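Report on the structure given below.
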Amino acid sequence: MTRLVHSELLKLRTTRTARVLLTLAAAGTAALVAIVLLLAGRPGQPALGPDALRLLVLVPAQPLTLAALVLGVLGMAGELRHGTATSTFLVTPKRGRVVAAKLAAAVTGLAMAAASSAAVLAVGLPWLRAKGIEVAIADAGVAARVAGLAVAVALYAVLGTGLGALLRNQVAAVVVGLLWWSQGVERVLTGILHQPGLERWLPLGAASALTAPGDGTLPMWAGALVFAAYGLGLALLGGRLVARRDLT
């Protein structure tokens with residue numbers, strides 16, 4: 001199993017898509033943070049204060065989670081689409097173990113979140129201090145939000161891997177993932193069921209506890225557990241289907 005995980009990590013390190021996403025995570029975050037800081041205090045925009053860093057670390061949450069979801073889908077469904085999964089499964093006939101190893105995409109999600117947080121600090125701290133706003137790096141609230149974002153991005157990659165294994169078709173998996181990520185599916189579901197508070201227990205509602213914590217979300221630890229259960233459950237189901245289906 002260790003060799004399988006190393007193999008998947010090697011694929012991620014040598015794949016152009018992963019490198020591009022990692023670069024975009026840092027560069028895109030720096031650009032987004034600069035835009036937020038430029039607009040701060042203008043009509044309709046919040047002013048900068050001592051808690052500004054807590055807000056800034058979550059600015060890139062939406063693009064990061066989308067990138068991680070797509071990366072997870074491509075890592076699984078891409079091999080099935082291009083036929084490279086056949087040689088992989090010939091080397092490792094136990095397909096469920098291969099799918100489990102592909103959850104290593106979560107490591108790339110963590111790397112993207114780390115690059116993003118570093119970019120926030122690199123741009124945000126000097127900017128805020130130049131404006132005379134003192135913020136503490138050793139802030140428990142900032143640390144909690146950085147950790148929450150990292151966990152969310154990693155779990156979105158796990159979710160994408162499970163979705164790719166479940167649907168097998170790369171285009172279909174990306175489209176379904178986009179619809180899900182945009183909350184379209186969950187809005188329809190909550191609209192049909194009319195259960196107050198249900199959205200907090202659905203995948204994206206649980207993930208919101210990590211990327212946009214507030215009074216209407218679960219506690220961060222509970223959101224992480226619920227979202228992890230969805231992601232791992234989908235990966236388990238997808239793995240079982242991959243193990244049973246014919247690749248041809």
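Everything numeric here is computed off the predicted structure, so don't read it as measured data.
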### Message
Quick check on the hydrophobic clustering: are L225 and L202 connected, directly or via other members, by side-chain heavy-atom contacts under 4.5 Å?
### Response
no
### Summary
Output for pair (S116 OG, L58 CG), nearest 0.5 Å, gives 9.5 Å
### Message
Run L128 and L37 through side-chain contact (heavy atoms from CB on, under 4.5 Å) and show every step you take.
### Response
CA-CA 8 Å; L128 292 172; L37 290 170; 4.1 Å; yes
### Query
For V59 and V120, what are the C-alpha separation, side-chain angles and deciding distance, and is it a side-chain contact (heavy atoms from CB on, under 4.5 Å)?
CA-CA 9 Å; V59 164; V120 169; 6.0 Å; no
### Query
What are the two closest non-hydrogen atoms of L110 and A150, and how far apart are they?
CD2-O, 3.5 Å
### Query
Minimum heavy-atom separation for A173 to L167, with atom names?
CA-CD1, 3.6 Å
### Query
Can you hop from F227 to W221 via hydrophobic side chains spaced under 4.5 Å?
no
### Summary
When every non-hydrogen atom of M112 is compared with those of A25, the smallest separation belongs to O-CB, 3.8 Å
### Task
Nearest 0.5 Å please: distance from the CG atom of L56 over to the CG atom of L121.
9.5 Å
### Query
In Å, rounded to the nearest 0.5 Å, how long is the span from CG of L69 to OG1 of T161?
9.0 Å
### Task
Write down the atom of A119, the atom of A30, and the distance for their closest heavy-atom approach.
CB-N, 4.1 Å
### Task
Give a yes or no on whether L39 and W127 share a hydrophobic cluster (residues Ile, Leu, Val, Met, Phe, Trp, Tyr; joining criterion: side-chain heavy atoms under 4.5 Å apart).
no
### Message
Please say yes or no: joined through hydrophobic side-chain contacts below 4.5 Å, possibly via intermediate residues, are L38 and V57 part of one cluster?
### Response
yes
### Rounded distance [0.5 Å steps], OG1 in T217 versus CG in L210
9.0 Å
### Task
Please test V36 against L55 for side-chain contact (heavy atoms from CB on, under 4.5 Å), starting from the C-alpha separation and ending with a verdict.
CA-CA 10 Å; V36 170; L55 302 176; over 6 Å; no
### Task
Work out which heavy atom in A206 is nearest to a heavy atom in V226; give both atom names and the distance.
CB-CG1, 3.6 Å
### Message
To the nearest 0.5 Å, what is the distance between CG on L155 and CG on L159?
### Response
8.5 Å
### Message
Once rounded to the nearest 0.5 Å, what's the spacing between atom CG of L204 and atom OH of Y230?
### Response
10.0 Å
### Query
What are the two closest heavy atoms between P219 and A209, and how far apart are they?
O-CB, 3.9 Å
### Task
Give the C-alpha distance, both sets of side-chain angles, the deciding distance and a yes or no for side-chain contact (heavy atoms from CB on, under 4.5 Å) between L218 and W201.
CA-CA 8 Å; L218 295 171; W201 299 95; 3.6 Å; yes
### Message
What I'd like to find out is whether the side chain of P63 reaches to under 4.5 Å of the side chain of L32, using heavy atoms alone.
### Response
yes
### Message
For the backbone of A26 and the side chain of T29, can you confirm whether one donor and one acceptor N or O come within less than 3.5 Å of each other?
### Response
no
### Co-membership, hydrophobic cluster, residues W180 and L178, 4.5 Å side-chain
yes
